[in-house]
Amino acid sequence: MIKKTISCALGAAFVLGLALSAAGCSKPTVLETIDSAQIVSYPALFIDGSETKYTDASIGTDTLVYTCNAEDDVTVSLESGDGAVTLSAPESSTAGEIKTVTYTLTAKALGEYTLGFYNGEEKDGSLTFSVRAAYPADPEFDAFFSGTYDEMMATDPSDWGTVNAHDPSMIEVDGVYYVFSTGNNGQPGYQIRRLEDLIHWEYVGQAFSSTTKDLKEVYSALESVYGKEVSNSEVWAPDVVPAQGGGFWLYGSLTAAFGNNYSAIFLAYSDTISGKYKYQDTLVVSGGNWGSTANAIDPQIYYDAEGRMYMAYGSFQGGLHAIELDPQTGKRLDGLTYSDYESKEVFSAEYYGQNLTNTTNVEGPVAEYKENVPVYSGDILNTAEDEALWSRQNIYFLMGSADSLSLSYNMRQWSSASPVSGYTGYIKTAGSFSWKHSASDNRIGYTFFAPGHNDIFQTSDGVALIVYHSRLVSVIPAGGVSWPHYLFASMYAVNSKGQIVMSPNRYAGEQLRKVTREELLKLSGGNYDYITLGDGSAIVFAQEGLQLKENGTLAVNGQTQGKWVLYGDNYVAFTIGGNEYYGVAMPAWIEAENRAGITISAISTNGHPIYLNMVF
């Protein structure tokens with residue numbers, strides 16, 4: 001039996017994409033193909049005059065289409081969810097030796113359901129699908145820590161919530177998510193947080209009991225290069241991945257003192273995700289020579305299409321680099337040591353690995369490989385969508401954080417067809433912005449200030465997230481201490497140009513799905529607040545008055561500024577201020593409105609993001 005889990009949406013886009021192979025039968029002609037006609041309905045939304053309302057008593061429909069031999073007697077039955085999902089009587093048509101059968105599925109409740117497929121009395125297979133809400137419900141986010149810095153330091157870390165989560169990296173283990181973050185504020189050995197809903201976080205503990213004791217080999221290796229005692233006890237920027245044969249590998253870094261590049265990247269291991277972790281090896285050491293060698297910090301693991309394992313790392317003047325690792329041991333594949341480099345047995349490029357980018361102001365690299373990314377080559381803003389102009393590309397995405405950690409941090413992206421070379425971009429993905437209309441606006445209680453040092457993560461059920469830290473400019477601890485970091489997560493998608501676009505809202509349980517023109521126009525009357533980010537570092541506040549109009553024009557404060565088009569499942573392109581933007585429409589919980597709606601995140605042709613949030 002071959003079972004495929006499918007995501008559907010109950011709401012403004014109830015979309016059921018089905019694929020099933022013949023199973024449990026000797027004849028490959030039975031159930032050769034099952035495809036879905038994507039029928040869009042509005043079961044969770046109705047319009048009452050000028051007021052948009054939601055109803056829980058909703059019904060979603062979609063269509064199941066399959067083909068089989070004309071002489072076969074294939075039927076479908078509901079094996080779970082009776083009453084919550086119903087099937088219409090089948091409609092069939094025959095062309096030559098092939099019969100096509102169509103059912104209409106109607107869902108009245110969220111949940112997991114199973115269909116059984118029979119050829120006569122013999123069962124050929126089954127298919128499990130899920131019906132999910134089209135929009136997220138109120139996530140009831142945990143409150144931010146509101147005390148002073150001294151009060152925070154006097155509080156047990158288990159009560160911190162998301163505060164002090166710097167440089168987060170996520171891993172999923174048996175359906176539970178864990179985030180490891182840089183040690184700080186009395187928690188030097190990597191803080192670990194866990195959650196099951198991707199919204200509410202629970203402090204677990206630290207990966208190491210004592211960095212100076214558990215990582216004495218790293219201190220020793222670093223001190224031999226630094227020439228004096230290492231003053232830093234906090235380890236930075238971890239990444240944790242499953243180890244070959246079970247357990248977990250933790251990759252971390254230690255710097256002798258803040259601001260120099262006397263640093264080391266190490267490998268540790270634990271049988272369990274929450275540790276404690278034990279030292280295994282030192283992979284890279286950097287010793288001075290800013291600008292001519294890499295800085296051995298910020299390791300992140302990624303894999304190529306063939307399963308080869310790489311570690312991206314580096315920062316600022318030293319650039320971003322990648323070293324190939326042995327997936328059997330987690331260590332360097334080439335086995336090189338700092339002694340080999342120091343004795344000039346190998347060149348710098350061999351020891352420090354492939355240079356990914358030549359930028360001098362970026363740190364915290366993270367890479368992600370995606371297959372079959374849809375990319376559109378046509379002029380969608382001026383000519384009708386042409387299916388022949390869509391292609392599928394395999395893309396390696398690289399992200400990093402640029403500029404000052406304290407004041408102007410912002411997320412950048414590159415892409416390539418190769419895992420370790422050819423990266424182009426430096427496209428801005430996010431910087432400091434606020435859904436307030438001004439600094440005195442209190443309709444939302446925080447600002448996305450200097451967001452960055454992110455992980456790129458996809459859950460086992462397909463949710464694509466950027467996990468990052470952000471400061472809250474409105475919360476400044478007493479005593480002149482730097483604004484603390486908070487743990488944030490936002491959904492992301494890839495636009496039709498093959499670029500990452502990040503939702504400008506905290507993740508609240510939504511799913512990327514088909515979005516319709518009627519949603520964009522009718523749910524809020526086509527009205528949006530918007531934020532345009534350039535190369536500047538100042539906080540950009542939301543502006544009012546953007547409207548998507550039925551006739552395909554885009555207006556700001558009643559004046560036509562350009563045009564817009566929705567294409568594919570959820571791609572949006574538009575012009576504003578003389579710039580072209582290409583983005584994705586996504587469901588979101590819009591905190592400034594305290595309700596669910598649609599957000600649009602897009603990138604201009606000159607590499608700058610724009611965000612649109614519905615206003616009601």
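Just so it is clear, the model here is predicted, and its values are computed rather than measured. Throughout, numbering of the chain's residues begins at 1 and tracks the sequence.
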Using only atom types and a distance under 3.5 Å, with no angle test, would you say the side chain of [X] pairs donor to acceptor with the backbone of [Y]?
{"X": "Ser253", "Y": "Ile265", "answer": "no"}
{"X": "Gln393", "Y": "Val375", "answer": "no"}
{"X": "Trp160", "Y": "Tyr203", "answer": "no"}
{"X": "His200", "Y": "Pro139", "answer": "yes"}
{"X": "Asn361", "Y": "Thr359", "answer": "no"}
{"X": "Tyr302", "Y": "Pro419", "answer": "yes"}
{"X": "Lys428", "Y": "Asn410", "answer": "no"}
{"X": "Arg193", "Y": "Val179", "answer": "no"}
{"X": "Asp455", "Y": "Phe457", "answer": "no"}
{"X": "Gln547", "Y": "Gly525", "answer": "yes"}

Rounded to the nearest 0.5 Å, what separates atom [atom1] in [X] from atom [atom2] in [Y]?
{"X": "Thr429", "Y": "Gln413", "atom1": "OG1", "atom2": "CD", "result": "3.5 Å"}
{"X": "Met491", "Y": "Met586", "atom1": "CE", "atom2": "CE", "result": "5.5 Å"}
{"X": "Ile323", "Y": "Ile301", "atom1": "CD1", "atom2": "CD1", "result": "10.0 Å"}
{"X": "Leu472", "Y": "Phe145", "atom1": "CG", "atom2": "CZ", "result": "12.5 Å"}
{"X": "Asn372", "Y": "Ile395", "atom1": "CG", "atom2": "CD1", "result": "10.5 Å"}
{"X": "Asn454", "Y": "Ser470", "atom1": "CG", "atom2": "OG", "result": "12.0 Å"}

Heavy-atom distance under 4.5 Å between the side chains of [X] and [Y], does that happen here?
{"X": "Phe316", "Y": "Asn261", "result": "no"}
{"X": "Leu381", "Y": "Tyr581", "result": "no"}
{"X": "Ser263", "Y": "Ser286", "result": "yes"}
{"X": "Leu554", "Y": "Thr575", "result": "no"}
{"X": "Lys370", "Y": "Phe397", "result": "yes"}
{"X": "Val584", "Y": "Tyr492", "result": "no"}
{"X": "His453", "Y": "Thr182", "result": "no"}
{"X": "Met411", "Y": "Met399", "result": "yes"}

Between the side chains of [X] and [Y], is a donor N or O closer than 3.5 angstrom to an acceptor N or O?
{"X": "His437", "Y": "Asp529", "answer": "yes"}
{"X": "Tyr310", "Y": "Gln354", "answer": "no"}
{"X": "Ser406", "Y": "Ser404", "answer": "no"}
{"X": "Thr459", "Y": "Asp461", "answer": "yes"}
{"X": "Tyr468", "Y": "Ser490", "answer": "yes"}

Determine the minimum heavy-atom distance between [X] and [Y], stating which atoms define it.
{"X": "Leu520", "Y": "Tyr528", "answer": "O-OH, 3.0 Å"}
{"X": "Leu254", "Y": "Asn232", "answer": "CD1-O, 3.7 Å"}
{"X": "Ser169", "Y": "Pro238", "answer": "CB-O, 3.2 Å"}
{"X": "Ala430", "Y": "Met502", "answer": "CB-CE, 3.8 Å"}
{"X": "Pro504", "Y": "Trp435", "answer": "O-NE1, 2.9 Å"}
{"X": "Glu363", "Y": "Asp298", "answer": "CB-OD2, 3.6 Å"}

Worksheet item: Applying the side chain to side chain contact (heavy atoms under 4.5 Å, CB included) test to Tyr313, which of Val284, Ile297, Leu320 qualifies?
Response: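 Checked Val284, Ile297, Leu320 against Tyr313; only one passes side chain to side chain contact (heavy atoms under 4.5 Å, CB included): Val284.
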Item to complete: Have a look at Trp414 and tell me which of Leu398, Ile427, Thr424 forms a side chain to side chain contact (heavy atoms under 4.5 Å, CB included) with it.
Response: Leu398
Worksheet entry | side chain to side chain donor-acceptor pair (under 3.5 Å) evaluation trace for Ser418 with Ser416 | CA-CA 5 Å; Ser418 167; Ser416 175; 4.8 Å; no
Item to complete: Classify the ring geometry between Phe488 and Phe144 as parallel (under 30°), tilted (30 to 60°) or perpendicular (over 60°).
Response: parallel
Item to complete: Give me the ring orientation class for His469 and Tyr409: parallel if the planes are under 30° apart, tilted from 30 to 60°, perpendicular past 60°.
Response: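 Taking Tyr409 first and then His469, their aromatic rings lie parallel (interplane angle under 30°).
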Discussion item. Taking ring pair (Phe, Tyr, Trp, His ring centres under 6.0 Å) as the cut-off, I'd like each qualifying pair that reaches into residues 587-613, sequence neighbours left out, listed once.
Written reply: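 Of all non-adjacent pairs touching residues 587-613, those that pass ring pair (Phe, Tyr, Trp, His ring centres under 6.0 Å) are Phe433-Tyr611.
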Discussion item. Tell me which pairs pass ring pair (Phe, Tyr, Trp, His ring centres under 6.0 Å) where either residue lies in residues 531-570, with sequence neighbours left out.
Written reply: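 Residue pairs with at least one partner in residues 531-570: Tyr567-Tyr571.
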Practice prompt. Please test Leu405 against His166 for side chain to side chain contact (heavy atoms under 4.5 Å, CB included), starting from the C-alpha separation and ending with a verdict.
Written response: CA-CA 11 Å; Leu405 173 65; His166 184 190; 3.8 Å; yes
Discussion item. Applying salt bridge (charged side-chain N to carboxylate O under 4.0 Å, His left out) to Glu593 and Arg443, what does each step give before you reach the verdict?
Written reply: CA-CA 8 Å; Glu593 298 287 314; Arg443 67 193 189 122; 3.4 Å; yes
Worksheet item: Under the salt bridge (charged side-chain N to carboxylate O under 4.0 Å, His left out) criterion, do Glu580 and Lys497 qualify, and how do the steps go?
Response: CA-CA 12 Å; Glu580 292 183 5; Lys497 297 291 187 180; over 6 Å; no
Worksheet item: Among all residues two or more places apart in sequence or in another chain, which pass the side chain to side chain donor-acceptor pair (under 3.5 Å) test with Thr447?
Response: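 By the side chain to side chain donor-acceptor pair (under 3.5 Å) rule, Thr447 matches Ser434.
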Discussion item. Pair Val240, Tyr190 - check side chain to side chain contact (heavy atoms under 4.5 Å, CB included), show working.
Written reply: CA-CA 11 Å; Val240 178; Tyr190 292 136; over 6 Å; no
Worksheet entry | side chain to side chain contact (heavy atoms under 4.5 Å, CB included) between Ile600 and Leu548, intermediate numbers included | CA-CA 12 Å; Ile600 298 173; Leu548 303 181; 4.3 Å; yes
Item to complete: Using the six-membered ring of Phe448, assess whether NZ or CZ of Arg506 lies under 6.0 Å from its centre and within 45 degrees of the ring axis.
Response: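 Checked: cation-pi criterion not met.
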Discussion item. I'd like to know whether Gln559 forms a side chain to side chain contact (heavy atoms under 4.5 Å, CB included) with Gln561, so could you lay out the CA-CA distance, the side-chain angles of the two residues, the decisive distance to 0.1 Å, and finally the verdict.
Written reply: CA-CA 6 Å; Gln559 301 296 312; Gln561 294 285 314; 4.3 Å; yes
